[in-house]
Enquirer: 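The structure that follows is given in the form of structure tokens.
Along the sequence shown, residues are numbered consecutively beginning with 1. Note that this is a predicted model, so its numbers are computed, not measured.
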Amino acid sequence: MSTDAWVPAYAWITGADDNRLRGFAHSFTVWCMLIHPWDAASDEESLAFVRENSFGQLIASGRGRDVPVVVPTQFLLVDERRVVLHLARPNPVWEAIEENPNVVLSVAGDWAYVRGSWKVLPGEGEPGAGIPTTYYAAVQLVCQARVVADDAGKAEILRQQIAALDEGLVDPDEHVRRFRGIRGLELTVREIKGKFKYGGNVDAEHRAYVAERLVERDGPGDAAALGHLRRRSAGLPS
């Protein structure tokens, strides 16, 4: 569907500015998840989240498949354009990558459920009529995959991952006889799409009210979500 076809209808449904939506049309019409303008993240913000959350889903669509191969995996963001990881040789993802080396690395987290009553300020209306939502962060990296099959290349990937996650271990070369059971993977990042859904579509007063409720509840994920909410909302108390 062309941008001219869907932007006016979407603007009418959401109340968003028509021209502003056109500026972000690529976020809707290419491969990635739905990203509203107020949730869009910079490359810097997106990659910082990926560095702090080095576990995600590697998605390889292959060619002519009914569904893609989706692999949960640890990975290392070496720099802003390179990711490395290793997987077991029997993993079905290798065949899909051979068919099509274009893959997506998807990372999501820091989510918190926002109760409907939190969306209604005191005196604004009936709390039971509030519309709930979920705050979360999600980044999708579109990458070109390169399989690393030689022992030296595998050892270097393992060294990089171990250096970032562990200490006091022998050099991976000590386990070279076990390398036949794994393959390495180097991903070159071609596109970065980040979404930080933390109340960017409402005013500061409503965001502050949700922030107070997150502090009070202090449940799993609430502190991380609160951190993003405060960072993306100038003026909220820390």
Enquirer: Using the ring of Tyr209 (Phe, Tyr or Trp, six-membered ring only), decide whether Arg207 places NZ or CZ under 6.0 Å from its centre and within 45 degrees of its axis.
Expert: no

Enquirer: Under a single-linkage definition using a 4.5 Å side-chain heavy-atom cutoff for Ile, Leu, Val, Met, Phe, Trp and Tyr, are Tyr136 and Leu47 assigned to the same hydrophobic cluster?
Expert: no

Enquirer: Between Lys197 and Thr133, is any side-chain donor less than 3.5 angstrom from a side-chain acceptor?
Expert: yes

Enquirer: Do Arg190 and Asn102 have side-chain atoms, one donor and one acceptor, less than 3.5 Å apart?
Expert: yes

Enquirer: Please answer: with hydrophobic residues joined when any side-chain heavy atoms are less than 4.5 Å apart, are Val83 and Leu158 in the same cluster?
Expert: no

Enquirer: Cation-pi check for Trp94 against Arg183: NZ or CZ below 6.0 Å from the six-membered ring centre and within 45 degrees of the axis, yes or no?
Expert: yes

Enquirer: Evaluate salt bridge (charged side-chain N to carboxylate O under 4.0 Å, His left out) for Arg159 paired with Asp173, printing each intermediate quantity in order.
Expert: CA-CA 9 Å; Arg159 286 189 193 100; Asp173 273 338; 2.9 Å; yes

Enquirer: Can you check whether Val189's main-chain N or O pairs, donor with acceptor, with Arg82's side chain at less than 3.5 Å?
Expert: no

Enquirer: Looking just at side-chain N and O atoms, do Arg231 and His228 make a donor-acceptor pair shorter than 3.5 Å?
Expert: yes

Enquirer: Scan side-chain atoms only and decide if Glu124 and His206 contain a donor-acceptor pair under the 3.5 Å cut-off.
Expert: yes

Enquirer: Please find the pair of heavy atoms, one from Ala40 and one from Arg232, that lie closest to each other, and give the distance.
Expert: O-NH2, 3.3 Å

Enquirer: Answer yes or no for Arg230 and Tyr198: cation-pi contact, defined as NZ/CZ to six-membered ring centre under 6.0 Å and angle to ring axis within 45°.
Expert: no

Enquirer: Should Val107 and Leu141 be counted in the same cluster of Ile, Leu, Val, Met, Phe, Trp and Tyr side chains packed under 4.5 Å apart?
Expert: yes

